[in-house]
Number of protein chains: 2
Amino acid sequence: MENKRELFQVLTRRFGLLNKNCCSVGTVDISPVQSHILYEIDKQIAPSMQQIAEAIAMDITTFSRQIQTLVKMELVKKTPSSADKRVYLLSLTLQGKFVATTIDESMNAYLEEVFSHMNEFEKETVIRSIKLLNQAMSKSSVCCTPLL
Amino acid sequence: MENKRELFQVLTRRFGLLNKNCCSVGTVDISPVQSHILYEIDKQIAPSMQQIAEAIAMDITTFSRQIQTLVKMELVKKTPSSADKRVYLLSLTLQGKFVATTIDESMNAYLEEVFSHMNEFEKETVIRSIKLLNQAMSKSSVCCTPLL
DNA sequence: AGATATTACTTGCAAATTGCAATTAATTTG
DNA sequence: CAAATTAATTGCAATTTGCAAGTAATATCT
């Protein structure tokens with residue numbers, strides 16, 4: 001058996017670095033956490049605060065403040081729900097959408113660059129493995145429970 | 001082509017969560033960052049502050065303060081180098097070693113649990129893929145440059 | 001229907017983390 | 001031996017974090 005922890009330790013750090021790189025679009029500069037928030041709002045349809053906070057496993061009070069920041073930066077819009085007046089529905093502004101898309105593209109470019117160091121077969125294998133890993137983690141009881 | 005970013009976004013989040021889980025040993029409670037520091041000190045031989053800070057790609061000033069905290073917690077020992085009096089050599093105390101080892105074991109247990117949802121062939125493939133990915137990232141110019 | 005409980009979100013701290021700029025002390029370079 | 005470089009530390013000041021407590025709206029229960 002390998003030392004799995006060693007492998008994951010290194011991988012985790014590199015992911016952390018990759019994440020940090022990717023959050024500057026023109027004059028707009030956001031944190032990795034904020035980038036995750038934009039990503040998730042973009043992905044869901046008219047989500048509430050709770051939904052996004054849960055999806056990224058973030059404390060709701062911290063999340064509330066992050067959203068306030070993003071609203072001030074005019075990247076996110078909070079619309080009161082008509083069905084339930086306690087709820088705010090989140091969406092990206094035009095600028096927010098632009099930022100999210102640009103980050104997505106640059107992340108994909110980064111990843112393409114990383115994958116360019118492999119041959120086709122290796123690429124396929126790695127992609128398939130990451131899917132497997134994601135599935136296994138979602139089945140796992142020890143972590144990741146709040147994540148889809 | 002797949003959407004790689006989607007896959008990595010989810011994986012990154014799950015790793016983040018895994019990381020957070022794993023830092024409480026008895027009455028000692030440390031942050032994920034501190035756990036990385038302990039890990040890296042344990043791995044190297046009589047490293048200097050610079051060396052560790054660079055290995056985990058952390059700002060040296062932040063690192064300096066983290067070390068101060070860990071020294072107060074009696075997990076890390078700072079020994080002035082006799083060869084160069086500017087330098088401090090880092091090592092784990094007995095307690096620090098214990099904490100590092102315990103975290104290592106519990107991380108490995110977590111990972112075993114995750115891998116238990118795969119068959120033997122899948123396990124092999126995934127492990128091999130992560131190695132490939134690590135290699136590719138270390139060759140990459142866009143990230144990870146400071147990391148071994 | 002009306003009191004009670006629950007839910008969604010917000011604020012008040014207080015602690016921890018971060019990084020840039022500037023400092024100290026030791027070593028190297030010219 | 002003076003000047004430049006290096007290792008590590010400190011002074012801010014901004015950001016992030018989470019618990020506890022609060023407000024307002026909705027759901028539940030007799």
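Naming: A, B, ... by sequence-line order, numbering from 1 per chain.
The distance from atom CG of L89(A) to atom P of dA25(D) is 16 Å, rounded to the nearest whole Å. For the pair I56(A) CD1 and dT16(D) C1', the computed distance is 13 Å after rounding to whole Å. Residue F63(A) contributes atom CZ, which lies 17 Å from atom C1' of dT15(D) at whole-angstrom precision. Here the C1' atom of nucleotide dT15(D) and the CE atom of M73(A) are 12 Å apart, to the nearest Å. Across the protein-nucleic acid pair, Q50(A) atom CD and dT6(C) atom P stand 16 Å apart, rounded to whole Å. At whole-Å resolution of the value, NZ in K72(B) and C1' in dT9(D) are 13 Å apart. Counting to the nearest Å, the C1' atom of dT17(D) and the CG atom of L17(B) are 15 Å from each other. The separation between L70(B) atom CG and dT9(D) atom P is 12 Å, rounded to whole Å.
Classification of R13(A) and E40(B) as a salt-bridged pair holds, one side-chain N sitting under 4.0 Å from a carboxylate O. Taking a cutoff of 4.0 Å between a charged side-chain nitrogen and a carboxylate oxygen, E105(A) and R5(B) do not qualify as a salt bridge.
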Sugar-phosphate or base contact per nucleotide [nucleotides 17-30 of chain C; S, B, -; heavy atom under 4.0 Å]: SSBBB----BS---

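Ring planes of F8(A) and F115(B): perpendicular class, angle over 60° (limits at 30 and 60°).
At the phosphate of dT11(C), OP1 or OP2 sits under 4.0 Å from a side-chain N or O atom of Q68(A).
Judged by distance alone, the side chain of S129(B) and the main-chain N or O of S129(A) form no donor-acceptor pair under 3.5 Å. Remark: side-chain polar atoms of T101(A) are paired, donor with acceptor, to backbone N or O of K97(A) under 3.5 angstrom.
Contacts of Y88(B) with the nucleic acid, taken as non-hydrogen atoms under 4.0 Å apart, involve only primed sugar atoms and P, OP1 or OP2.
The hydrophobic cluster analysis finds F121(B) isolated: no Ile, Leu, Val, Met, Phe, Trp or Tyr side chain comes under 4.5 Å of it, directly or through other members.
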